[in-house]
Chemist: 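So that we are looking at the same thing, I have put the structure below in C-alpha cells.
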Amino acid sequence: DAGITQSPRHKVTETGTPVTLRCHQTENHRYMYWYRQDPGHGLRLIHYSYGVKDTDKGEVSDGYSVSRSKTEDFLLTLESATSSQTSVYFCAISEFDRSPLHFGNGTRLTVT
Amino acid sequence: AQTVTQSQPEMSVQEAETVTLSCTYDTSESDYYLFWYKQPPSRQMILVIRQEAYKQQNATENRFSVNFQKAAKSFSLKISDSQLGDAAMYFCAYRNWNAGNMLTFGGGTRLMVKP
C-alpha cells in the first residue's frame with residue numbers, strides 16, 4: 001500500500017469553526033490531491049498540488065484552501081465550516097502526471 | 001467538461017457468476033486514461049484496472065476485465081467468478097491531461113454478491 005496517512009480519521013465540528021485536515025505521504029510523490037465523497041456524486045476534486053507551493057483549484061474548491069510547504073504534507077483548510085461541507089475527504093498521491101492515483105483511507109468530517 | 005456516468009446504482013450477482021458494470025463518459029479528447037476503483041466498506045479506494053485510450057486491446061487483471069469501446073465512449077467492467085469479497089462500491093473514472101490532470105469519477109455502482 002502507498003504510504004499515505006490522513007489525520008484525523010474522524011472529526012465533528014461546529015458550524016463556523018476552522019478545520020484543517022492533514023495528508024502525509026512517505027512516497028516522495030510530486031502530485032497530491034484532495035477529494036470529497038458524497039452519496040451519488042462519487043469523488044470530486046477540491047484542490048491539487050503539482051509540487052511544493054504549487055497548487056490549483058478543482059471543481060468544488062469554494063470554501064476550501066490548501067497549502068503544501070513540504071513534499072510530504074498537503075493540508076486542506078476549511079476557514080469557516082458549514083454543514084454542506086459534511087463529507088468524507090480523501091487525499092491521493094501520484095508519482096507522475098500519468099501515474100495512477102493512490103488514495104488514503106479518508107477523513108469523515110461532520111459539521112453540526 | 002468531462003462527465004462520467006454509471007447508470008446502475010446497484011447490481012447483484014450470485015457467487016461464482018459473472019457480472020458487468022457499465023460506464024459511459026463524455027470527452028472530446030483522444031488521449032486519456034480510464035480506471036475502475038473498488039471501495040469496500042472499509043472506505044479504502046483500491047485501483048482495480050486501468051485502460052489507456054490509445055490501446056485497442058482491452059485490459060485484464062485476473063478475474064477483472066474491461067470492454068473498452070472508444071467510439072461509443074463506453075468502458076464496462078466484467079467480474080468473472082464473483083467472490084464474496086468483491087462486494088463493494090465500484091467507481092469508474094476518467095483522466096485527461098488537458099483538464100488539469102483531474103480524475104473525474106462516476107457516481108458509483110454498489111455491487112452485492114449473494115452466497
Side-chain angles (χ1 to χ4, degrees), chain A residues 1-11 21 23 27 29-51 54-61 66 87-110, chain B residues 1-10 21-26 29 31-55 59 61 64 75 77 88-110:
Chain A
D1 289 345
I4 309 168
T5 304
Q6 290 186 234
S7 58
R9 183 113 169 106
H10 303 275
K11 186 171 182 65
L21 308 183
C23 177
E27 306 295 324
H29 285 184
R30 178 181 176 187
Y31 294 86
M32 299 186 74
Y33 309 82
W34 277 108
Y35 282 84
R36 61 177 287 173
Q37 182 179 23
D38 304 291
H41 289 279
L43 279 74
R44 292 178 292 174
L45 182 66
I46 305 171
H47 282 279
Y48 68 100
S49 170
Y50 45 95
D54 292 323
T55 65
D56 206 348
K57 296 178 179 180
E59 62 178 306
V60 291
S61 59
V66 291
S87 187
V88 179
Y89 291 85
F90 284 93
C91 174
I93 65 174
S94 67
E95 186 173 11
F96 306 111
D97 59 355
R98 297 192 177 219
S99 305
L101 269 64
H102 297 281
F103 287 83
N105 289 330
T107 294
R108 180 175 295 280
L109 176 67
T110 302
Chain B
Q2 288 79 20
T3 57
V4 179
T5 303
Q6 294 178 248
S7 59
Q8 306 151 316
E10 284 190 358
L21 308 184
S22 301
C23 174
T24 58
Y25 58 95
D26 183 28
E29 303 292 336
D31 184 19
Y32 51 88
Y33 279 29
L34 296 163
F35 304 85
W36 279 97
Y37 279 86
K38 171 185 177 181
Q39 187 180 41
S42 66
R43 207 165 70 195
Q44 186 181 5
M45 291 290 288
I46 302 166
L47 178 63
V48 174
I49 199 165
R50 65 173 169 170
Q51 175 79 42
E52 295 91 335
Y54 65 87
K55 289 187 178 179
E61 289 287 343
F64 298 88
F75 182 61
L77 175 69
M89 283 290 291
Y90 285 82
F91 293 97
C92 177
Y94 162 98
R95 191 175 190 191
N96 170 256
W97 295 272
N98 292 330
N101 203 25
M102 274 178 38
L103 192 62
T104 302
F105 286 84
T109 296
R110 181 175 301 282

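Scope of the values below: all heavy atoms of this structure, side chains included, with no hydrogens, waters or symmetry mates. Throughout, protein chains are lettered first and strands after them, A, B, ... in sequence-line order, and every chain is numbered starting at 1.
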Chemist: Between A/Tyr50 and chain B, which part of the residue has a heavy atom less than 4.5 Å away: side chain, backbone, both or neither?
Modeler: neither
Chemist: What part of B/Gln39 lies closer than 4.5 angstrom to a heavy atom of chain A: side chain, backbone, both or neither?
Modeler: side chain
Chemist: Specify the closest pair of heavy atoms between A/Leu45 and A/Trp34, including all atoms of both residues, with the distance to one decimal.
Modeler: CD1-O, 3.5 Å
Chemist: Measure across A/Val66 and A/His47 and return the closest heavy-atom pair with its distance rounded to 0.1 Å.
Modeler: CG1-CB, 3.5 Å
Chemist: Over 60° means perpendicular and under 30° means parallel, so tell me whether B/Trp36 and B/Phe75 are parallel, tilted or perpendicular.
Modeler: parallel
Chemist: Any idea how A/Tyr31 and A/Tyr33 line up, ring-wise: parallel (<30°), tilted (30 to 60°), or perpendicular (>60°)?
Modeler: parallel
Chemist: At a 4.5 Å cut-off on heavy atoms, which part of B/Arg50 comes close to chain A: side chain, backbone, both, or neither?
Modeler: side chain
Chemist: Quick check for you: among B/Met89, B/Glu52, B/Arg43, which has the greatest number of heavy-atom pairs under 4.5 Å with chain A?
Modeler: B/Arg43
Chemist: Please state whether the side chain, the backbone, both or neither of A/Arg44 comes within less than 4.5 Å of a heavy atom of chain B.
Modeler: neither
Chemist: Would you please classify the geometry between the B/Tyr94 ring and the B/Tyr32 ring as parallel, tilted or perpendicular, with 30° and 60° separating the classes?
Modeler: tilted
Chemist: Tell me, for A/Asp56 versus chain B, whether the close heavy atoms (under 4.5 Å) come from the side chain, the backbone, both or neither.
Modeler: neither
